[in-house]
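For reference, the structure discussed in these notes is given below.
From a predicted model like this one, the values you see are computed outputs, not experimental measurements. Chain identifiers are assigned alphabetically (A, B, ...) following the order of the sequence lines, protein sequences preceding nucleic acid strands; residue numbering begins at 1 within each chain.
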Amino acid sequence: MDETTVKATFDVYRFEPGKDAAPRYDRYVLDLTPHTPVLTALLKIRAELDPSLTLRYSCRSAICGSCAMQINSKSRLACESPIGPELARDGRIVVEPMRNQPVLRDLVVEQGTFWQNYRTIEPHLILDPRHPMPEGRENPMTPAQVDRFKETPRCIACAACYSACPAVEADPAFPGPMALAKLYRFVVDPRDHATQDRLVRIQTEGLWLCLRCHLCTEACPKEVRPSERIRDLKELAIAAQGATEHGSRHATGFKENIRERGLINEMKLARQSVGLLGLLPQVPQGIRIWRKKPELFRAPHRIEGHDEVEKIYEALDDGKTKEDLP
Amino acid sequence: MLKHDVVVVGAGLAGQRAALAAVEAGRDVAVVSKLHPLRSHSGAAQGGINAAIGKEDSVDTHTYDTVKGSDYLGDQDAIEFFCREAGPTVIEMEHFGTIFNRSADGSLARRPFGGMGLPRTIYAADRTGLALLQALWERLGTERFTLYEEWDLTRLLVREGAVQGIVALDRRTGEFAQIGAKSVVLATGPYGRVFGRTTNAHSCTGDGVAAAYAAGTALKDMEFVQFHPTALVETGILITEGARGEGGILKNAEGERFMAKYAPRVLELASRDVVSRSIITEILEGRGFPGGYVHLELMHLGREKIESRLQEICDFARNFAGVDPVTEPLPISPAQHYMMGGIGTDIHGRTNIKGLFAAGEAACVSIHGANRLGGNSLMETLVFGKQAGIAAATYAASATAPTLRDGDLDAAIAPLRAWSSRPDGEDPSTLREEMQAVMDRYAGIYRNEADLLEGVRRIRALQKRFAQVRVVDQSKVYNVNLTDALEVGHMLALAEVILVGAYARTESRGAHSRRDYPQRDDAHWMKHTMALRGADGPQLSYGPVAYTRWEPKERVY
C-alpha cells in the first residue's frame, strides 16, 4: 500500500434538469493516496467541499450495485475503482453519470426502464403444475447443474453493462445485457419449466439485436460476461426452435457458407437471412452495389486448403455434445 | 392521500418477506425503501444461513448452540420457535429459486460456522445474502403491491397508542408525504454507521429504530453490539466467517496461531465475541502487526477452493486491500458488524404500540441475546419477517382506517424546513464523523465506566449541536445533504441508548465486555434492557429472559 499522497484532479458532471440550463463540470482537487477508491474521494468532496454533489452509494464493497458511473468514460463501480491507475493514464478523473439513462441530478440517473426490462424477461421460476415442488425438501441439483449458471448469480444489477451498451442506445427494443444474462440464468435453471417458451419468445424480443461488441463484458464488475451469456442464449434458441429470425438465420447461414467454401457467398447469405421476399426492398441498394462490385454477386471459389476448414467444423461438432452446451 | 392496509418500511430480506406474507393474506401492501430493494444491505451478507436439516443435526442442537452463543440472554422459547422454522424456511427459499451450493448427491451443501458443533450453514458461495435477496425479490415481483422506491422514513404517525401511518420523503421530488396505514412493519435494518469502523453499508442508519424510539417504542438490549473478527484493516470491509469455516487460520505478528490460547477446542470457530476479543487482546498486548492488525491466512486452502467458494472476498482482498489471498495473508481486525439490540418485539413482531411491528436486524425478539451466531441473522430476517407480515395483515384486517390530518404533516416538516433556511449551523457530515469517533473510542469491544460516561457526555453534546444542523443544498431533487441530516439525527439518538445501556450493565456478557466488571453476573443481570425515550434521555427498565430447558453455564469453546 502506497501511503504517499498525490494531487488528484476531479472533473465532476453537474446537472439538474429543469433548473440548470446545461450540464457543467466542477473541478475539485484533493490530496489522496493512489489506492483511494473514486467513491471515497467523492464522499470526501461531499463532506469537505460541496455537500450538494449528488450521487447514489451504499455498501462501498461492490455488492449493492448503487455507485455505477462513468469514470474516465468507462462504466465502473466508483467504490472499487482506485484513483491511481486513472490518474496515471489520463492525468485527471472525469466523473459522469451512467449513459443510456436520463439524468435525475448530477451522477444520479433514472433507472425505470432498466428495471422494467429486467421484469419483462419474467425473472422468477415458472413451474409446470404437473411438476410441483417436492414437499418439505429441496429440489435436487448437482454441482454440475449449479455450474451451468456460470457467473450469472454474481450479477448485482449495477447497470454498468446497460450503460456501456450501444444496442441499448440504438434500439429501445433491446432489453440490455443484464436482462439477457438474467434470462440465461432462468433458462438453464433445472427447476424452471418455461425454458422453451422463454427461448422462443426472446428470439423476437431483442435477442438478435445484440451487436456482439462485448462492451458489456468489459464493463461488468462481477465477471458475469453478459455478451457470452447472450451468445449462449442464441445457441440455445437455435437448438430449441431452429433459425426462425433474421438474426438466427444469418448466424446459421454464415456457418453453412464458410463450411461449403471457406468464404461468404454474399447473395446466398442475404437470401438465407431475410428470404427472397425480404430481399425485395433491398433491390435498389443491390443495383448500386452490383454496379460498383459485381464480384460480390458471384458465388466465391472454394478457398485453398478447404479441407482444413472442414476439419475445424468436424472437431467443433465432435467436441460439442449436448451436455457441453451452456 | 396515500393509504394502504399494511406499510412495510425497508425492503431487505425481512421487509420483503413481511410484504410477501401480507400480500398473500390478501392485504393492500406498500413497501417503502430508501434504496431500490436489490440494493438493500441484506445482499452484503456473505457466509450463509443456518438450518438443522442434516441427518446428524437436530432442532434441539441448533437451539442449544444459539442459546449458548447468546450467553444465555436469548429467549429460549423464541429460539426454539426460530430453529423449528429454519428448516422449512430454507426449503421455501430454495423453491423460490435461490441458487445454493450443492453436495455431490444434489442436496444443499453445508459449511461449518463459528459457535456450532457441526456443519449447519447453507450457503451460496460467499454471497448468500445476495442469492436470497434476488430470489425473494423475484418471487415478490410476481405479486401486486406498491413500491415507494427511494423514500426516506422520517417519523411514525401514532394516535392514542395505535399506528396511523408514516411520514416519508420522496427523494426524487423532495416532497414529504403522509402514507396512511392500518399497520406498519419496520424492517429498516441496523444502525452500524453509528460506528466509524463498521462492516455496515453507508445506508445502515437505523431510521426505523429511531422513528420507533421517538414514537414511544421500547428499544431492547441496545448495548449488545457485535464486532466481526475479520474485517479488512483499512476499510472495515467484511471478510466472511466462511473464510474460517473453510479452514482459514489467524496468526499474530509472531507467527503464532493464537486462538489455541483462547479457544483450544474449536480455535478460529469459536463464537464471534470470543474471536474478536482474542484478536484485540493480541493487538493490545503488542503481538499485532504495526498499525494494529493480525493475519487471516487462506493460502493453505489452495487456489481452487479459495477462488470457487470465496470468490467475492478474493475480489474484495485484491481490489480493496491490494492483497491476493491465494498467495498472501489478509490484514484484518475486528469491526462493528451486527446489532443484537433493536425494537423490542415478540415472535410475531408485535411492539408496545398497536399496529406497529418490526422484524430483522431492526428488531430484537430476542434470539441472539448477547451475541449472535454467524448464519442466524439471514434466517432471522426470513422467519420473523414472515411472522411480522402475517401479524400485520391480521391486525389490519380488523383495524379501523387510519386518520390523517394535514396538521400532522406540517408539524413533522416544520423543523426540517428550518434546517434548510438557517443561514449558519452545523454540518451533518461533521456531526456524523465526530459521533463515529466517539463510538469507536468509547463504546468498542472493551468498555469501562469512565469511557462510557465520557461517551454519553460527548454524544449529548453532539445532540445539542444537531439542534442547529444546517442543510446547505437548496435543491428539492435527490438532496443527499438533507438525507444525511435526517440520518445523523436518527443515529445520535440511538448512539446515546447504546452508551446508556452499556454503562448501566455492570457485567460482561457476550459481546458486551466491561473491563471493570469482567464476569457474567447472572444474579443481577440475567435480564433484558428496555429503553424508553424520556425527557432527559433513555429511561431504562428491565424485563425477564424466557427459559425453557437450558440452565446458564459458563461458555467455553
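Between A:R24 and A:D26 a salt bridge is recorded (basic side-chain N to carboxylate O distance below 4.0 Å). A salt bridge links A:R56 and B:E150; the closest N-O separation between the charged side-chain nitrogens and carboxylate oxygens is under 4.0 Å. Contact check on A:R201 versus A:E122 returns a salt bridge, with a Lys/Arg side-chain nitrogen under 4.0 Å from an Asp/Glu carboxylate oxygen. Salt bridge B:E143/B:R139: present, at least one basic N to carboxylate O contact under 4.0 Å. Ion pairing between A:D192 and A:R198 holds under the 4.0 Å rule for side-chain N and carboxylate O. Between A:R225 and A:D232, no side-chain nitrogen of the basic residue sits less than 4.0 Å from a carboxylate oxygen of the acidic one, so the salt-bridge criterion is not met. The pair B:D57-B:R110 does not count as a salt bridge, with every side-chain nitrogen at least 4.0 angstrom from each carboxylate oxygen. Checked for salt-bridge contact, B:D170 and B:R172 miss the test: no charged N lies under 4.0 Å from a carboxylate O.
Counting heavy-atom pairs closer than 4.5 Å to chain A, the top residue among B:R432, B:E312, B:M93 is B:E312. If you tally non-hydrogen atom pairs under 4.5 Å between each of A:P51, A:P143, A:S52, A:S58 and chain B, the highest count goes to A:S58. Per-residue counts of heavy-atom pairs under 4.5 Å with chain A were compared for B:H36, B:E149, B:R39; the largest is that of B:R39. If you tally non-hydrogen atom pairs under 4.5 Å between each of A:P140, A:C155, A:P123, A:C158 and chain B, the highest count goes to A:P123. Counting heavy-atom pairs closer than 4.5 Å to chain B, the top-ranked of the candidates A:R119, A:M133, A:R137, A:E223 is A:M133. For the options B:A131, B:P88, B:S107, B:G87, heavy-atom pairs under 4.5 Å to chain A are most numerous at B:S107. When each of A:P82, A:P134, A:G136 is checked for heavy-atom pairs under 4.5 Å with chain B, A:P134 comes out on top. For the options A:M141, A:K19, A:R154, A:Q111, heavy-atom pairs under 4.5 Å to chain B are most numerous at A:R154. Contact count against chain A (heavy-atom pairs under 4.5 Å) is highest for B:L38 among B:L35, B:L38, B:V472. Per-residue counts of heavy-atom pairs under 4.5 Å with chain A were compared for B:T235, B:L482, B:T199; the largest is that of B:T199. Residue with the most contacts toward chain A among B:G97, B:S429, B:S203: B:G97 (heavy-atom pairs, distance under 4.5 Å). Per-residue heavy-atom pair counts under 4.5 Å with chain B were compared for A:K182, A:Q145, A:K222, A:E110, and the maximum is reached by A:K182.
Residue B:R193 touches chain A through its side chain alone, counting heavy-atom pairs closer than 4.5 Å. Neither the backbone nor the side chain of A:E48 comes within less than 4.5 Å of any heavy atom of chain B. With a threshold of 4.5 angstrom between heavy atoms, B:T98 approaches chain A through N, CA, C or O but not through any side-chain atom. At a 4.5 Å heavy-atom cutoff, the contact between A:E80 and chain B is made by backbone and side-chain atoms alike. Only the backbone of B:N200 comes within less than 4.5 Å of a heavy atom of chain A; no side-chain atom from C-beta onward does. Using a 4.5 Å cut-off between heavy atoms, A:R191 contacts chain B through its side chain alone, with no backbone atom that close. Residue contact with chain B, scored on non-hydrogen atoms closer than 4.5 Å, involves the side chain of A:R185 exclusively. Only the backbone of B:S103 comes within contact range of chain A, with at least one heavy atom under 4.5 Å from a heavy atom of that chain. Using a 4.5 Å cut-off between heavy atoms, B:I99 contacts chain A through both its backbone and its side chain. For B:E92, no part lies under 4.5 angstrom from a heavy atom of chain A. Heavy atoms of B:N481 lying under 4.5 Å from chain A belong to its backbone as well as its side chain.
Here B:R309 contributes atom CZ and B:T240 contributes atom OG1; the two are 13.0 Å apart, rounded to the nearest 0.5 Å.
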- request: Test B:L330 against B:F316 for side chain to side chain contact (heavy atoms under 4.5 Å, CB included), laying out the working first.
  value: CA-CA 11 Å; B:L330 302 178; B:F316 293 161; over 6 Å; no
task: Kindly determine whether A:N117 and A:T113 satisfy side chain to side chain contact (heavy atoms under 4.5 Å, CB included), including the steps that lead there.
output: CA-CA 6 Å; A:N117 290 353; A:T113 309; 4.1 Å; yes
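Judged by a 6.0 Å distance limit and a 45° cone about the ring axis, B:R171 is positioned over the six-membered ring of B:Y478.
Below 30°, between 30° and 60°, or above 60°: for A:Y118 and A:W115 the angle between ring planes is between 30° and 60°, a tilted geometry. Using a 30° and 60° split on the angle between ring planes, A:Y13 and A:F15 fall in the perpendicular class, above 60°.
Between the B:T128 side chain and the B:D126 main chain, no donor and acceptor come within less than 3.5 Å of each other.
Inspection of non-hydrogen atoms places A:L43 of residues 37-45 of chain A under 4.5 Å from chain B.
Aromatic pair A:Y162/A:F114: centroids less than 6.0 angstrom apart.
In this view, B:S420 and B:V471, B:Q474 satisfy the side chain to side chain contact (heavy atoms under 4.5 Å, CB included) rule, not counting sequence neighbours.
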